[in-house]
Amino acid sequence: MKIVVILPTYNERENIVLMVQALQEQFRTIPHDMHILVVDDNSPDGTADAVRAEAPSWENLHLITGTKQGLGAAYIRGMKHAIERLKADAVMEMDADFSHKPEDVPRLIEGLDNGADFVIGSRYVPGGKIPDDWSYLRRMNSKWGNLFARYVAGMYQVRDCTAGFRAIRATIITKIDPETLKVKGYAFQISLLHEAILNHAKVREIPVEFVDRKRGETKLGLSDIVEFMLNAWWIRFERSRTFLKFGAVGAIGVFVNLASFTMLLKLGMNKFLASPLAIEVSIITNFFLNNFWTFSKRDMNDKIHIRGLKFNVVSFVALAVSYSTFLLLSVLDPHGTPQVHQAIGIVPATFVNYFLNSYWTFKE
Ligand code: GDD
Ligand code: MN
């Protein structure tokens with residue numbers, strides 16, 4: 001494999017050359033074609049010049065420069081360059097300040113060799129570590145960041161969602177197309193991970209010890225923390241959006257059902273025939289709305305008429321669930337209001353309906 005270690009830098013003159021040398025040292029033990037790509041944002045301290053001075057000594061050292069738009073923006077440019085220009089099969093994310101130990105690089109790459117697509121150098125799995133001397137505030141900042149990512153953004157299964165030390169297969173990056181991500185700062189890390197999970201990447205956490213930088217200072221600012229929290233909520237919203245759309249389609253279906261029922265009666269049709277016809281009309285409109293709106297982004301295998309049939313089957317199952325609930329409540333609460341029982345039946349029916357349509361009818 002050709003693997004490109006991406007090092008974003010902003011004012012890392014004191015670190016970058018030492019970092020490049022330490023990485024080259026590690027590369028000798030790694031059975032892959034290893035490269036380094038420094039992504040510098042015209043650091044005023046002359047980081048890029050230090051890299052240029054070093055470049056003639058190493059064929060596998062690359063540099064791109066640009067204007068500072070944030071850590072995420074730098075990674076987006078770096079990944080694009082690594083995959084499109086350098087033809088990388090995998091990329092690594094890594095800090096240039098020695099917070100991530102060069103000695104840990106081979107272990108992360110072994111994760112790829114063992115079949116994972118997205119390997120995280122994790123501080124929060126057994127064996128992983130944050131510095132002992134981190135202040136209470138710094139610990140909380142990191143803990144809360146991960147709590148947000150895990151429980152607000154919904155990545156429960158990952159312990160260290162914010163880690164900036166990772167090895168990722170190029171196929172996953174290409175599927176995600178990082179340029180479509182809206183975040184430009186540190187929040188990029190959780191957005192990328194979230195998209196990888198949506199794209200069925202095999203995620204694996206390898207314990208690492210995070211060490212404090214000895215030279216230079218952190219670039220993480222208040223605006224990064226704000227963007228991070230807003231982004232976690234945005235991810236949650238995006239996740240529930242499909243369900244909300246599905247619910248909206250359901251509500252439209254109720255109107256379609258009643259309107260066509262009324263129309264058929266006005267045309268003089270017998271009500272016992274008009275009722276199932278109106279139900280079917282609403283099922284068909286709901287199908288098209290879900291097909292071309294709710295689930296439109298999915299890449300589905302079935303032909304549209306098969307999906308239409310499945311949707312009808314699911315509607316029938318939902319009807320059975322709704323009716324069983326109604327019957328059950330009528331038995332349990334014989335003196336209750338029938339309208340209430342009927343309305344309660346809609347709740348489990350909606351979830352069954354959504355679940356079956358999402359994982360069967362409109363399966364990817
Ligand atoms: N090109 C570029 N542009 N590089 C940047 C920028 C930017 O806007 N901002 C930061 N960097 C570089 C730094 O020079 C450093 O090499 C690396 O990105 C990480 O920046 P630090 O400022 O050292 O970040 P940190 O130590 O606070 O944050 C680390 O932990 C976070 C939380 O776990 C990083 O690993 C983050 O990726 C991680 O999210
Ligand atoms: Mn750092």
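Counting starts at 1 for both ligands and their atoms, in listed order. When a residue number appears, it is its place in the shown sequence, counting from 1. Remember, it's a predicted structure, so these values are computed and weren't measured experimentally.
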For this output row, return yes or no: ring centroids of Phe210 and Trp134 closer than 6.0 angstrom. yes

Is there a donor in the side chain of [X] and an acceptor in the side chain of [Y], or the other way round, less than 3.5 Å apart?
{"X": "Asp89", "Y": "His32", "value": "no"}
{"X": "Ser142", "Y": "Tyr124", "value": "yes"}
{"X": "Asn286", "Y": "Asn290", "value": "no"}
{"X": "Arg123", "Y": "Thr162", "value": "yes"}
{"X": "Asp33", "Y": "His35", "value": "yes"}
{"X": "His62", "Y": "Arg85", "value": "no"}
{"X": "Asn146", "Y": "Arg159", "value": "no"}
{"X": "Ser43", "Y": "Asp40", "value": "yes"}
{"X": "Thr47", "Y": "Asn11", "value": "no"}

Contact atoms of ligand 1, heavy-atom distance to [X] under 4.0 Å:
{"X": "Thr9", "value": "1 (N), 2 (C), 4 (N), 14 (O)"}
{"X": "Tyr186", "value": "10 (C), 20 (O), 21 (P), 22 (O), 24 (O), 28 (O), 36 (C), 39 (O)"}
{"X": "Asp41", "value": "1 (N), 2 (C), 3 (N), 7 (C), 8 (O)"}
{"X": "Arg213", "value": "21 (P), 22 (O), 23 (O)"}
{"X": "Gly70", "value": "3 (N), 7 (C), 8 (O)"}
{"X": "Arg123", "value": "33 (O)"}
{"X": "His100", "value": "35 (O)"}
{"X": "Ala96", "value": "16 (O)"}

So which heavy atom in the protein is nearest [atom], and how far is it from that ligand atom?
{"atom": "atom 11 (N) of ligand 1", "value": "Leu71 CD1, 3.8 Å"}
{"atom": "atom 16 (O) of ligand 1", "value": "Pro8 O, 2.8 Å"}
{"atom": "atom 37 (O) of ligand 1", "value": "Gln189 NE2, 3.0 Å"}
{"atom": "atom 26 (O) of ligand 1", "value": "Asp95 OD2, 3.8 Å"}
{"atom": "atom 22 (O) of ligand 1", "value": "Lys219 N, 2.6 Å"}
{"atom": "atom 14 (O) of ligand 1", "value": "Glu12 OE2, 2.6 Å"}
{"atom": "atom 27 (O) of ligand 1", "value": "Thr218 OG1, 2.7 Å"}

Would you kindly specify which portion of [X] sits under 4.0 Å from ligand 1, judged on non-hydrogen atoms: side chain, backbone, both or neither?
{"X": "Arg77", "answer": "neither"}
{"X": "Glu93", "answer": "neither"}
{"X": "Lys68", "answer": "side chain"}
{"X": "Gln69", "answer": "neither"}

Contact check: [X] vs ligand 1, nitrogen or oxygen atoms, below 3.5 angstrom:
{"X": "Asp40", "value": "no"}
{"X": "Val39", "value": "yes"}
{"X": "Ala163", "value": "no"}
{"X": "Tyr10", "value": "yes"}
{"X": "Asp97", "value": "yes"}
{"X": "Ala74", "value": "no"}

Side-chain heavy-atom pair Leu61, Val38 within 4.5 angstrom cut-off: yes

Please determine whether a side-chain nitrogen of the Lys or Arg among [X] and [Y] lies less than 4.0 Å from a carboxylate oxygen of the Asp or Glu.
{"X": "Asp132", "Y": "Arg139", "result": "no"}
{"X": "Lys219", "Y": "Glu12", "result": "yes"}
{"X": "Asp97", "Y": "Arg213", "result": "yes"}

Sort by chain and number the protein N/O/S atoms that are closer than 2.8 Å to the Mn ion (ligand 2), and list them. Asp97 OD2

Run down the list Val38, Asp212, Leu220, Thr162 and name the one with the heavy atom closest to atom 38 (C) of ligand 1.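 Among Val38, Asp212, Leu220, Thr162, the closest heavy atom to atom 38 (C) of ligand 1 comes from Thr162.
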
Take atom [atom1] of [X] as the centre, draw a 6.0 Å sphere, and report whether it contains more than 12 heavy atoms from other residues, nucleotides or ligands.
{"X": "Leu137", "atom1": "CG", "value": "no"}
{"X": "Trp293", "atom1": "CH2", "value": "yes"}
{"X": "Arg236", "atom1": "CZ", "value": "yes"}

With the threshold set at under 4.0 angstrom, would you say Ser99 reaches ligand 1 through any of its heavy atoms? no

Can you label the angle between the Phe148 ring and the Trp233 ring as parallel, tilted or perpendicular, going by 30° and 60°?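 Judged by the thresholds at 30° and 60°, the geometry between Phe148 and Trp233 is perpendicular.
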
Using the ring of each side chain (for Trp, its six-membered ring), is His341 parallel, tilted or perpendicular to Phe326, with breaks at 30° and 60°? perpendicular

